[in-house]
Amino acid sequence: MTEFPTLTTPSGAVADGAPGWNRQRHSAMPSYRYRDVHQRVDVPVGHRDWPNARMTTAPLWVPVDLRDGNQALAEPMDPARKRRFFELLIAMGYKEIEVGYPSASRTDFDFVRLLAGTAIAPPDVTVVVFTPARRDLIERTVESVRGITNEVVIHLYTATAPVWREVVLGKDRAQLRELIVAGARDVLELAGDLPNARFQFSPEVFNLTEPDFALEICDAVTELWQASAQRPVTLNLPATVEVATPNVYADQIEYMHRNLARRDGVILSVHPHNDRGTGIACAELAVLAGAQRVEGCVFGNGERTGNVDIATLALNLHAQGVDPMIDFSDIDEIRRTVEHCTRLPVHDRHPYVGDLVHTAFSGTHQDAIGKGMAEHRARAAAQGIAERESQWRVPYLPIDPADLGRSYDAVIRVNSQSGKGGIAYLLRTEHGLDLPRRLQIDLAKRVQQHADDTGAEITAKELFTLFERSYTVSDQRITLVRWQIADGTTEVVLDAHGSRRHSMHREVGPVEAVTAALAEAGQPIEILGLTQHSVDQGAGGTAVSYIEYRAAERTGWAFGRDTSVVAASLAAVMNAANAPE
């Protein structure tokens, strides 16, 4: 193969014991260089409660966009963007927000001081600031929060995993323990007099730290800070670099939950990253395992592959009938603000917020959604309640897009993968046309041909244009000049091939009269089916009609619209008579 010269197609042996249907071969990827998590850290084993637990209430969400997310940006937020993001978080309902790393930059320090000098943080919002375990940086951090009247959390962190101890810090377990305890003493000395201050500690890279050492360090810190139910300490246990399946993290969190000293004085928190793409699963299982607080970023921004996405986590709860305690009723405004502040786009397929997450192109999906929406409307009407109040059970849509401020305009979109159900749905919702099933099938073939020819998506406007072009005739050879009913007789006047033809038809309806007149004019049309309904003005009239007909041994469909159902039906008959052979 020469199409991809930089790739080496796996050509090694088939795996030992592989079934005959699995012909995958060993590749040249150097996987032998890596060790699984069980070779890197002891994973607590024993009784597990988390597999049987359920999430029935939201944890405390703590957005870290202004600190952790900000330090992951190629262009960190300027003061105006930080303030805008902070105001968004307040409006959404977050009650504890990590606002910065005041010892790291003048911008972060000044933003924290802004909170001391203005009222942009409501009184019930807790402000979190972040600092390493180094006295001069702790001093700078405490200086930044003096004068803030809100509750403040001073967040102390140090990496504790073996590789970080050995390669980065150059300390053994005993030396690192002393460094952390010394930092905790400095926090207590410098901020212990602040009546509105609480403390937080993160053993960074907790998930690769020996469980007994993580427990020893955390207990030492909570003992020093005298953690109690009245003045709790937050212990934040980060999966700083995601290295294992989510169940491993859950086991680690449950071990700490079961064994921590002063547990009633501890707020157990998690901070998952997304290196393996399972940060959301890690957070959810961690909450099942005893975590009470989750740090992350709205839409998941963060270093490498990001922090856990707390918008997705919250809306996952919403989809299970649990109040997320955060408002997402205008998710597009939230997205616009986040994109402005971070200068990062949100992917079209991002859960809940992406432009395409409520959109179906597949014909089978469209058919199911269309039927589900119709059933939803009918059920709400039968119950005598608003559609927004009725239980949601539409196929393929886990939540009602309207909950997020989305309209139904983009739920179904048409391309070459689409089917009759989606096409009919768009014409019904956008133009008020309720097509008979056989007409849906006929139109779907035409749309498929058009989509295959162009290779592009078809908008609702383009779809309606194609529909009209297929079933109406603008340049008519035969025209209906006049029709009138009087004393049970229908008068019909046609202009056929340049000559005026006048006829009278007794005891028949207008449609039958016009078809009889057409037959006399040498253009016979047999009506096989007729469907009529009223529409709103959005379809260009107040009534429409669809006719299935036979002419010269061929069958087809024609469409008409006018100010009444009778006039619309006659317009459809004339379109049928003028259809090209």
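Predicted model, so just to flag it, every value in this text is computed and none were measured.
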With distance as the sole criterion, is a donor-acceptor pair present between the side chains of Thr278 and Glu242 under 3.5 Å? yes
Distance, nearest 0.5 Å, that separates SG of Cys341 from CD of Glu87: 9.5 Å
Are Ile326 and Ile310 packed together at the side-chain level, in the sense that at least one heavy-atom pair is separated by less than 4.5 angstrom? no
Within the 4.5 Å heavy-atom criterion, are Ile334 and Phe299 side-chain neighbours or not? yes
Taking the side chain as C-beta and beyond, is there a heavy-atom pair between Trp483 and Leu570 under 4.5 Å? yes
Taken to the nearest 0.5 Å, the spacing of Leu66 CG from Phe85 CZ works out to 6.5 Å
Using a strict cut-off of less than 4.0 Å between a Lys/Arg side-chain nitrogen and an Asp/Glu carboxylate oxygen, indicate whether Arg336 and Glu333 qualify as a salt bridge. yes
Regarding His318 and Asp403, is there a side-chain donor-to-acceptor distance under 3.5 Å anywhere? yes
Taking all non-hydrogen atoms of both residues, which atom of Tyr94 and which atom of Phe328 are closest, and how far apart? OH-CZ, 4.1 Å
Does Ser470 reach the side chain of Leu466, with side-chain heavy atoms less than 4.5 Å apart? yes
Report yes if some heavy atom in the side chain of Met504 is under 4.5 Å from a heavy atom in the side chain of His502; otherwise report no. yes
Hey, what do you get for CG (Leu439) to CD (Glu548), rounding to the nearest 0.5 Å? 8.5 Å
Are Asp355 and His350 close enough that a side-chain donor and a side-chain acceptor fall under 3.5 Å? no
For Arg438, look at atom CZ and say whether over 12 heavy atoms of other residues, nucleotides or ligands are found less than 6.0 Å away. no
Would you say the side-chain atoms of Glu295 and Asn307 include a donor-acceptor pair closer than 3.5 Å? no
If you measure from CZ on Arg81 to OG1 on Thr342, what distance do you get to the nearest 0.5 Å? 9.0 Å
Can a donor-acceptor pair be found between the side chains of Ser569 and Gln532 at a distance below 3.5 Å? yes
Considering all heavy atoms, the nearest Gly560-Ala572 contact: N-CB, 3.5 Å
Show me the side-chain donor-acceptor pairs of residues 518-530 shorter than 3.5 Å, one per line, residues at least two apart or across chains.
unit_1	atom_1	unit_2	atom_2	d
Gln523	NE2	Ala577	O	3.4
Glu526	OE1	Arg550	NH1	2.9
Glu526	OE2	Arg550	NH1	3.4

Could you give the distance from CG (Asp323) to CG (Leu317), rounded to the nearest 0.5 Å? 9.0 Å
Would the distance check show the side chain of Asp68 and the main-chain N or O of Val64 forming a donor-acceptor pair, the cut-off being under 3.5 Å? no
Is the closest basic N to carboxylate O distance between Asp367 and Lys371 below 4.0 Å? yes
Quick one: do the Thr489 and Asp487 side chains pair a donor with an acceptor below 3.5 Å? no
Residue pair Val493 / Arg501, side-chain heavy-atom distance below 4.5 Å: no
Can you see whether His376 engages Glu387 through a side-chain donor-acceptor pair at a distance of less than 3.5 angstrom? no
Output every pair passing side chain to side chain donor-acceptor pair (under 3.5 Å) with a member in residues 10-28, not counting sequence neighbours, ordered by first then second residue. none
Glu375: partners by salt bridge (Lys or Arg N to Asp or Glu O under 4.0 Å), with sequence neighbours left out: Arg379, Arg393
Partners passing ring-ring contact (aromatic ring centres under 6.0 Å, His included) against His533 (at least two apart in sequence or in another chain): Tyr546
Please enumerate all residues that pass salt bridge (Lys or Arg N to Asp or Glu O under 4.0 Å) together with Arg377, with sequence neighbours excluded. none
Interatomic spacing from CD in Gln320 to CG in Leu315 - rounded to 0.5 Å: 12.0 Å
Does the pair Glu468/Arg561 count as a salt bridge with the N-to-O cut at 4.0 Å? yes
Asp275 meets the salt bridge (Lys or Arg N to Asp or Glu O under 4.0 Å) criterion, sequence neighbours left out, with Arg304
List the steps, then state whether side-chain hydrogen bond (donor to acceptor under 3.5 Å, both in side chains) holds for His505 with Ser503. CA-CA 7 Å; His505 308 271; Ser503 59; 2.7 Å; yes
Arg446 atom CZ: more than 12 heavy-atom contacts under 6.0 Å: yes
